[in-house]
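All remarks here apply to the structure that follows.
This chain uses plain numbering: 1 for the first residue, then up along the sequence. These numbers come from a predicted model, not from an experiment.
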Amino acid sequence: MHLLSALLAIASTAFLTFTSAAPADPSLEPRRRDDVQGVEVSFLQSDHVDWRELKNKGKKFGYVLATAGEDYKSPYFETQYSGCRDASLICGAYHAAVPSKRSGDDQAKYFVKNGGDWSKGDNKHLPGGLAIGYNPDDCYGLEPSELVKWIRDFSKKYHQLTGRYPVIGTSYKWWKTCTKNDSSFKSKNALWLIGSDDVPGGWDHWSFLEYTAPDTKTPGYVKWYNSASKLRDFAKGS
């Protein structure tokens, strides 16, 4: 896929896998009427996102890729995020981590400067997300202790700049393998789980669960673990 080839120069294989190969699992699809559903979009969908249609199909929120690594900003971020807002969804931005390039502190600052900030006091902006790791065979060439420090540095800097801790997006197997199932983030960072509802790292539950894989025309489908009112409270920071 040419989009993936183009991004190889700016992001790691783990990020590409995260955004393009999370397995669909029908058993995880929302079944209850009160399931709060949303989407995750990135450069993969380019301008093929019909936010009004997603709204009409009951989607309540969207997370949009803003940045990756140290110097990449999605060329579709502004359009995608504006579309999300114009459709009256609750919207958030996320950053694709590349820990092998620059510090967590530096990447958090780059993210906030390029779309990842959070609007204090309203219930329409979700806190930023940190997408880190899907494939447990790719730990970015770092040791578990180095990865944990990198994530902690990113989280602390994001909190310092915005007043919120980022949502951590990862997979069960990657977190178990690459951080040795570190449990130090469970009290401050919400969990965005990819492809499986097995919960790593001592978290009591996932907050967001991405249960289908995105492709060039279709976003990844995500569900929120609680009610719509609780999602608004989470966006507001209350």
Side-chain angles (χ1 to χ4, degrees), residues 15 18-19 22 30 35-68 72-97 107-108 110-132 154-155 158-159 161-169 189-194 206-212 214-215 217-238:
F15 165 53
F18 184 97
T19 56
D35 277 323
V36 178
Q37 302 180 49
V39 295
E40 172 262 313
V41 303
S42 71
F43 69 95
L44 285 173
Q45 293 81 34
S46 62
D47 54 2
H48 299 149
V49 182
D50 189 333
W51 291 100
R52 296 288 179 184
E53 181 182 9
L54 290 169
K55 173 76 171 180
N56 291 337
K57 288 183 176 180
K59 300 300 183 282
K60 304 297 185 184
F61 65 91
Y63 261 108
V64 180
L65 173 70
T67 53
Y72 175 79
K73 181 176 180 179
S74 170
Y76 303 102
F77 172 71
E78 303 292 350
T79 300
Q80 290 175 338
Y81 200 89
S82 294
C84 181
R85 290 299 312 278
D86 290 346
S88 299
L89 274 66
I90 301 173
C91 307
Y94 76 92
H95 174 80
Q107 289 191 36
Y110 182 74
F111 176 44
V112 170
K113 185 179 179 180
N114 290 279
D117 203 357
W118 172 72
S119 295
K120 183 177 181 180
D122 75 21
N123 57 10
K124 298 178 181 179
H125 294 270
L126 293 162
L130 174 65
I132 182 161
F154 183 100
S155 182
Y158 187 83
H159 178 261
L161 294 174
T162 69
R164 296 294 300 271
Y165 287 98
V167 178
I168 293 177
N189 301 84
L191 175 64
W192 171 3
L193 198 57
I194 311 297
W206 48 262
S207 293
F208 298 94
L209 177 65
E210 187 160 354
Y211 61 92
T212 68
D215 59 33
K217 293 185 178 180
T218 308
Y221 291 112
V222 187
K223 60 182 178 179
W224 162 251
Y225 86 107
N226 211 313
S227 66
S229 64
K230 291 294 186 182
L231 179 63
R232 290 190 292 271
D233 288 345
F234 179 69
K236 188 175 181 179
S238 58

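Between the side chain of W118 and the main chain of G128, no donor-acceptor pair closer than 3.5 Å is present. Between the Q37 side chain and the K223 main chain, no donor and acceptor come within less than 3.5 Å of each other. N189 contributes a side-chain N or O that, together with a main-chain N or O of P166, makes up a donor-acceptor pair within less than 3.5 Å. Side-chain atoms of Y63 never come within 3.5 Å of backbone atoms of L126 as a donor-acceptor pair (strictly under, hydrogens ignored). The main-chain N or O of S88 is never found under 3.5 Å from a side-chain atom of W51 such that the two would form a donor-acceptor pair. Checked by atom type and distance alone, the side chain of Y81 pairs as donor or acceptor with a backbone atom of C91 at under 3.5 Å. A donor-acceptor pair under 3.5 Å is absent between the side-chain atoms of S42 and the main chain of L65, judged by distance alone.
No hydrogens or angles considered: nothing links the side chains of D47 and T79 as a donor-acceptor pair under 3.5 Å. Between the side chains of H48 and Y76, no donor-acceptor pair of N or O atoms lies under 3.5 Å.
Around the NZ atom of K59, the shell of radius 6.0 Å holds more than 12 heavy atoms that belong to other residues, nucleotides or ligands.
In this structure, CG on L161 lies 12.0 Å from NZ on K113, to the nearest 0.5 angstrom. The CG atom of N114 sits 11.0 Å away from the OG atom of S74 when rounded to the nearest 0.5 Å. Atom NE2 of H125 sits about 9.5 Å away from atom SG of C84, to the nearest 0.5 Å.
Closest non-hydrogen pair, L89 versus G62, comes out as CD2-N, 4.3 Å. Here the shortest heavy-atom pairing between A93 and A66 reads CB-CB, 4.1 Å. A87 approaches K55 most closely through the heavy-atom pair O-CD, 3.4 Å. When all heavy atoms are compared, the tightest approach of R164 to K236 is NH1-C, 4.2 Å. The shortest heavy-atom contact between K124 and A235 is N-CB, 4.3 Å.
Results of the side-chain contact (heavy atoms from CB on, under 4.5 Å) test with P127 over Y94, Y165, F234 single out F234 as the only residue that passes. Here the rule is side-chain contact (heavy atoms from CB on, under 4.5 Å) with L193, and of W206, Y225, Y211, F208 only W206 fits it. The residue from Y72, F77, Y158 that alone fulfils the ring pair (Phe, Tyr, Trp, His ring centres under 6.0 Å) condition with F111 is Y158.
For K73, the salt bridge (charged side-chain N to carboxylate O under 4.0 Å, His left out) criterion is met by E78, not counting sequence neighbours. In this view, Q80 satisfies the side chain to side chain donor-acceptor pair (under 3.5 Å) rule with no residue, not counting sequence neighbours. Evaluation of the side chain to side chain donor-acceptor pair (under 3.5 Å) rule for S207 yields no partner, not counting sequence neighbours.
The shortest distance between side-chain heavy atoms of V36 and N226 does not fall below 4.5 Å. Residues F61 and V222 form a side-chain contact, since some pair of their non-hydrogen atoms from C-beta on lies under 4.5 Å apart. Side-chain contact between K60 and I90 is absent, with no heavy-atom pair separated by less than 4.5 Å.
Residues F154 and H95 place their aromatic rings such that the two centres sit under 6.0 Å apart.
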